[in-house]
S.K.: 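The structure that follows is given in the form of structure tokens.
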2 protein chains.
Amino acid sequence: MDQDRPAGPGLRDRFRAQVREETKQEALRQLADGGPAALSLNAIAKHLGVSGPALYRYFANRDSLLTELIIDAYHDLAAALDEARRRPPGGLRPLVRAYRAWAVAEPHRYRLLFRAPLPGYDAHAERLVEASRLAMRVVVDVVVEVARDFPPVLPAVRDDRLAAQLERWARRHDLTDVPTGAGLAATALWAWLHGLVSLEIEGNFASMGLDPAPLYDADPAGVVAALTA
Amino acid sequence: MDQDRPAGPGLRDRFRAQVREETKQEALRQLADGGPAALSLNAIAKHLGVSGPALYRYFANRDSLLTELIIDAYHDLAAALDEARRRPPGGLRPLVRAYRAWAVAEPHRYRLLFRAPLPGYDAHAERLVEASRLAMRVVVDVVVEVARDFPPVLPAVRDDRLAAQLERWARRHDLTDVPTGAGLAATALWAWLHGLVSLEIEGNFASMGLDPAPLYDADPAGVVAALTA
DNA sequence: AGCGTAAGTTATACCTTCTAACTAACGAAA
DNA sequence: TTTCGTTAGTTAGAAGGTATAACTTACGCT
């Protein structure tokens with residue numbers, strides 16, 4: 001009789017999860033060499049040893065698969081940043097290093113994060129914004145934490161309109177204890193990092209013969225200060 | 001007899017140029033709504049009233065058309081920056097404004113600039129790097145010009161390796177009169193701008209309810225200083 | 001006036017996404 | 001244990017994409 005059946009998901013569900021996972025793995029491989037254009041449900045199916053339309057039992061369509069990959073990537077990045085946050089040498093530098101390291105290690109996934117949803121209404125847009133908030137949340141947390149020990153990193157928000165927007169943003173996401181300066185600092189930090197990382201992984205520095213490493217060594221607090229001046 | 005034939009390109013060549021131009025126009029339209037994935041030679045041909053394969057007389061393949069659009073975009077951006085440079089209120093601010101304005105006005109073209117050539121060797125890579133240099137050249141020129149009136153904008157290049165790389169880069173591109181600091185400053189400026197612009201046109205600020213305008217108002221010289229510290 | 005080249009045509013091979021209709025098999029419940 | 005619904009797979013096929021091949025028309029230069 002029902003001896004030690006692990007009351008959780010049944011066999012079927014577990015198999016389903018397994019197939020979905022393998023599909024995503026192969027999708028990432030295709031993405032890595034060939035970019036989003038090269039991602040083909042058909043080819044993945046062939047690789048898994050099933051026939052084309054079979055995969056549509058697992059993903060509604062190509063876009064759906066892509067969306068999941070993006071969300072996974074956001075979660076992964078957020079986790080990487082969070083881990084950097086927990087580790088000893090506090091401050092903003094570990095965050096900077098972790099952000100760059102993640103992007104450089106998986107440029108195809110990083111690129112995915114900034115594929116704007118197609119113009120017009122996109123059914124997946126909400127889920128994507130939701131996922132992106134996770135990563136932003138970590139950045140904000142680190143900024144708040146650092147600001148606790150070293151208040152000057154929190155820039156003054158000179159622009160009133162901007163202050164109001166930041167406040168609304170914080171309220172909307174249960175960040176009521178977060179000062180507007182922290183939101184601004186996090187945003188500035190993000191823009192700086194994204195600029196560097198993006199140029200790096202697209203090869204713009206490489207094509208100039210430059211190693212961008214020194215550019216990441218700038219003092220993050222100083223950068224935030226300058227960017228929000 | 002050959003009366004006033006404008007010795008330039010013959011009728012045939014002019015027609016050819018015309019068709020190519022119209023093709024690109026339509027391609028840009030498709031790009032604007034639908035992204036690169038939606039660009040279809042077939043559809044363009046139909047729109048021009050010819051049948052599919054006809055366009056292959058004008059563009060070797062889809063990728064070839066895309067590459068030309070990218071190169072055009074680089075030229076256009078370079079021209080926009082150059083115009084900003086020539087206009088009265090000197091300094092870096094007009095450059096910043098022009099960069100943002102161009103990107104925001106044509107986000108689909110701006111995005112094109114940063115589509116990394118596919119992994120592995122890409123036949124078009126050289127032409128693209130060549131075109132991108134044009135835009136970079138303008139930025140460098142402005143920095144050099146500004147530095148003439150206000151030397152402190154030129155950061156000291158602390159890292160020796162970086163200094164050597166910058167020097168090689170300058171030498172390779174006939175920028176022998178350009179101090180390494182200018183190259184570094186231009187790069188930093190570019191990274192900053194790209195970070196902001198990229199997040200703006202991908203809707204990351206909008207999804208937070210933020211108007212990024214104030215972020216562009218930071219003092220460019222200060223930003224350069226902080227980024228290259 | 002004629003001829004070579006360029007520009008268009010259709011046909012075709014092969015890829016893609018995705019729907020429809022059908023079948024096999026799993027697993028839970030009678 | 002046997003039944004029966006759900007699920008996962010199948011093939012067929014529509015619609016559309018890239019790109020090549022082979023053929024035909026017609027432009028425009030000599």
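Just the heavy atoms: all of them, side chains too, but no hydrogens, waters or symmetry mates, feed the values below. Letters A, B, ... mirror the listed sequences (proteins, then strands); counts begin at 1.
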S.K.: Would you check if the distance from the ring center of B:Tyr216 to the ring center of B:Tyr99 is below 6.0 Å?
M.R.: no
S.K.: Sugar-phosphate means primed atoms, P, OP1 and OP2; the rest is base. With that split, encode nucleotides 22-27 of chain D 5' to 3' as B, S or - using protein heavy atoms under 4.0 Å.
M.R.: B----B
S.K.: Any chance you could lay out the side-chain contact (heavy atoms from CB on, under 4.5 Å) test for A:Leu175 and A:Trp169, step after step, and finish with the verdict?
M.R.: CA-CA 8 Å; A:Leu175 301 171; A:Trp169 170 76; 3.8 Å; yes
S.K.: D:dT6 P sits how many Å from A:Asp13 CG, rounded?
M.R.: 15 Å
S.K.: Polar pairs (N or O, both sides) under 3.5 Å between protein and nucleotides 13-18 of chain D?
M.R.:
residue: D:dT18; atom: OP1; partner: B:Leu41; partner atom: N; Å: 2.8
residue: D:dT18; atom: OP2; partner: B:Asn42; partner atom: N; Å: 2.9

S.K.: Counting C-beta onward and ignoring hydrogens, is there a side-chain heavy-atom pair between A:Val96 and A:Leu193 closer than 4.5 Å?
M.R.: yes
S.K.: Rounded off to whole Å, could you give me the OH-to-C1' distance for the A:Tyr58 and D:dT10 pair?
M.R.: 13 Å
S.K.: Is there a side-chain contact between B:Arg14 and B:Gln18, using heavy atoms and a 4.5 Å cut-off?
M.R.: no
S.K.: Please give, in whole Å, the distance from D:dT7 C1' to A:Arg20 CZ?
M.R.: 15 Å
S.K.: For A:Arg14 and D:dT7, give me the distance from atom CZ to atom C1', rounded to whole Å.
M.R.: 17 Å
S.K.: Nearest whole Å is fine: how far is C:dC15 P from A:Ile44 CD1?
M.R.: 16 Å
S.K.: Are there more than 12 heavy atoms of other residues, nucleotides or ligands under 6.0 Å from atom CZ of B:Arg161?
M.R.: no
S.K.: Grab the CZ-P distance between A:Phe15 and D:dA8 for me, whole Å please.
M.R.: 9 Å
S.K.: Taking side chain as C-beta onward, heavy atoms only, is B:Leu215 less than 4.5 Å from A:Leu184?
M.R.: yes
S.K.: Using a strict cut-off of less than 4.0 Å between a Lys/Arg side-chain nitrogen and an Asp/Glu carboxylate oxygen, indicate whether B:Glu83 and B:Arg86 qualify as a salt bridge.
M.R.: no
S.K.: Can you find a heavy atom in the side chain of A:Leu113 that is under 4.5 Å from one in the side chain of A:Tyr74?
M.R.: yes
S.K.: In the structure I gave you, are the side-chain heavy atoms of A:Phe114 and B:Asn204 within less than 4.5 Å of one another anywhere?
M.R.: yes
S.K.: Answer yes or no: does a side-chain N or O of B:Arg16 lie under 4.0 Å from OP1 or OP2 of C:dA7?
M.R.: yes
S.K.: Can you tell me how far C1' of C:dA6 sits from CG of B:Leu55, to the nearest Å?
M.R.: 15 Å
